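Quick note: residue numbers are just sequence positions, from 1. As the structure is a computational prediction, the values presented were derived from the model and not from experiment.
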Amino acid sequence: MKALILVGGFGTRLRPLTLSFPKPLVDFANKPMILHQIEALKAIGVTEVVLAINYQPEVMLNFLKDFESKLGIKITCSQETEPLGTAGPLALARDKLVDESGEPFFVLNSDVISEYPLKEMIAFHKSHGGEASLMVTKVDEPSKYGVVVTEESTGKVERFVEKPKIFVGNKINAGIYLLNPSVLDRIELKPTSIEKEIFPKIAAENLLFAMVLPGFWMDIGQPKDYITGLRLYLDSLRKKSSIKLARGAHIIGNVLVDESAKIGEGCLIGPDVAIGPGCVIESGVRLSRCTVMRGVRVKKHACISSSIIGWHSTVGQWARIENMTILGEDVHVCDEIYSNGGVVLPHKEIKASILKPEIVM
């Protein structure tokens, strides 16, 4: 089987992290976002993954070459010269997706993190005999999203309602599709939305079916959702393979620590923390609801909560970092500094406290 991952644009919502790496290569739970998806696809027998991309394709490919051999899966790029929306890239990659097997192929949004029940999706797709399957997830506030209205018993999609004012259902598109090759005949090579232009046509012919996603789901394309996504991911990890989580008197709740990281005496870490490779957490540090990426040093008695610390940054002694502070790559926060929601661009030294959320150039 084959799969296409919609990598797309510039990752503006996750800046300043995406100023250093394309968004799919930004670490999530100690590995690049896109790797979570590629590993899930490989696990159910996908042999080739096509990345639909219009930004820094060479960076992505160079990086993923290592993983091609490690995982034993073919990874290629289909490069857009102009943004083609969510359907145009499928038309562009047609030759890579279609072969004589006639097998359906997966399409995934690169921002989505979940348990990826892809095997169940294949069974669901075969059972209904339609042309396309999409994964849906249930949400508490459907009025913020486009809602997928389905027939309860079969999952057949009846219609789509954008940000409904009155309740029509609570299922939204989860950004994971399984499509027959015939769907490509419906798509022209131009900027096109699969959600707004292609799916409604397939639904009108009673050939589109929706499967409710079991387990958690999050679009982690912006910092607040990234932090929430980490909590859901670690919670799921505890249920599935808790052996991967850190243990000890200094750990509270779910914490993921790379084996090469060093943690000093008297720290208190958790809940919902990821500490990346080569990190040094000095003594007396407090970490909660945060990601500390590769090569970061957190000095004595610093406190970090609800924040993301980018690669190779330093947080000084007795510093306090909170309220969705995002430090880009190689940012150095001096001793005893306070950051309340600061968003700091890469390669910067912070010598004065950031008292209210702002961008520091």
Side-chain angles (χ1 to χ4, degrees), residues 14 17 20-21 25-40 63 66-67 70 113-115 216 218 220 223 225-322 324-333 339:
L14 259 191
L17 301 169
S20 298
F21 292 91
L25 300 187
V26 169
D27 299 341
F28 175 83
N30 291 356
K31 59 184 168 194
M33 277 185 199
I34 200 161
L35 209 52
H36 291 273
Q37 300 182 324
I38 293 173
E39 286 176 354
F63 177 85
D66 292 348
F67 288 102
K70 271 186 212 160
I113 199 89
S114 76
E115 284 169 10
F216 79 101
M218 200 72 212
I220 53 172
D225 296 336
Y226 176 106
I227 296 285
T228 303
L230 182 66
R231 173 175 62 77
L232 297 170
Y233 174 86
L234 293 177
D235 198 38
S236 162
L237 198 60
R238 173 165 295 281
K239 291 173 191 149
K240 291 196 154 181
S241 52
S242 63
I243 195 149
K244 292 181 179 170
L245 295 172
R247 288 183 171 78
H250 61 299
I251 300 287
I252 310 174
N254 299 331
V255 175
L256 194 61
V257 181
D258 187 87
E259 57 196 24
S260 63
K262 293 183 173 61
I263 296 178
E265 296 292 308
C267 292
L268 191 55
I269 295 173
D272 308 323
V273 173
I275 298 173
C279 289
V280 177
I281 310 297
E282 294 184 4
S283 59
V285 165
R286 175 74 179 105
L287 304 177
S288 64
R289 297 182 306 283
C290 65
T291 287
V292 181
M293 291 183 179
R294 185 178 58 250
V296 166
R297 178 178 285 269
V298 181
K299 295 187 179 174
K300 292 175 184 171
H301 307 295
C303 176
I304 302 171
S305 68
S306 302
S307 296
I308 303 173
I309 310 300
W311 310 269
H312 307 291
S313 292
T314 311
V315 176
Q317 295 187 33
W318 295 101
R320 188 177 179 93
I321 307 287
E322 62 186 27
M324 223 45 75
T325 290
I326 317 293
L327 304 185
E329 182 184 16
D330 181 39
V331 169
H332 302 282
V333 176
S339 172

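Contact check for E322 versus S306: no side-chain heavy atoms found under the 4.5 Å cut-off. Residues I269 and I263 form a side-chain contact, since some pair of their non-hydrogen atoms from C-beta on lies under 4.5 Å apart. Put simply, the side chain of P223 reaches to within 4.5 Å of the side chain of L14, judged on heavy atoms. Taking the side chain as every heavy atom from C-beta outward, V255 and L287 never approach each other to under 4.5 Å. Side-chain contact between C290 and V273: present, with at least one pair of heavy atoms (C-beta onward) separated by less than 4.5 Å. Counting heavy atoms from C-beta on, the side chains of I113 and M33 never come closer than 4.5 Å. Side-chain contact between V315 and L327 is present, with at least one heavy-atom pair separated by less than 4.5 Å.
Considering SG of C303 and CD1 of I321, their distance stands at 9.0 Å, rounded to 0.5 Å. Interatomic distance, OG of S313 versus CD1 of I326, reported as 11.5 Å (0.5 Å rounding). Separating the CG atom in L256 from the CG atom in L234 is a distance of 6.0 Å, to the nearest 0.5 Å. In this structure, CD in E329 is found 9.5 Å from CG in L17, a value given to the nearest 0.5 Å. The distance from atom CD1 of I227 to atom OG1 of T291, rounded to the nearest 0.5 Å, is 5.0 Å. Note: E115 CD to L232 CG = 10.0 Å, rounded to the nearest 0.5 Å.
Contact detail for G316 and A302: the closest heavy-atom pair is O-CB, 3.5 Å. Between S339 and T325, the shortest heavy-atom contact is OG-OG1, 2.9 Å. The shortest heavy-atom contact between G284 and C267 is N-SG, 3.8 Å. Of all heavy-atom pairs between V296 and H312, the closest is CG2-N, 3.9 Å. When all heavy atoms are compared, the tightest approach of G253 to R238 is O-NH2, 3.6 Å. What you find for G295 and C279 is that their closest heavy atoms are N-SG, 3.9 Å.
One N or O on the side chain of N30 and one on the backbone of I275 form a donor-acceptor pair closer than 3.5 Å. Looking at S288, its side chain never comes within 3.5 Å of a backbone N or O of D272 through a donor-acceptor pair. Checked by atom type and distance alone, the side chain of S260 pairs as donor or acceptor with a backbone atom of G278 at under 3.5 Å. Side-chain atoms of E282 never come within 3.5 Å of backbone atoms of K299 as a donor-acceptor pair (strictly under, hydrogens ignored). Side-chain atoms of S307 come within 3.5 Å of backbone N or O of S305 as a donor-acceptor pair. At least one donor-acceptor pair under 3.5 Å links the side chain of R286 to the backbone N or O of L268.
Sorted by first then second residue, the ring pair (Phe, Tyr, Trp, His ring centres under 6.0 Å) pairs that include residues 279-304, not counting sequence neighbours, are H301-W318. Residue pairs meeting the salt bridge (charged side-chain N to carboxylate O under 4.0 Å, His left out) criterion with at least one partner in residues 26-37, sequence neighbours excluded, are D27-R294, K31-E39. Residue pairs satisfying the ring pair (Phe, Tyr, Trp, His ring centres under 6.0 Å) criterion with at least one member in residues 228-268, sequence neighbours excluded, are listed as follows: F28-Y233, H36-Y233.
Ion pairing of D235 with R231 is absent here, as no side-chain N (NZ or NE/NH1/NH2) approaches a carboxylate O to less than 4.0 Å.
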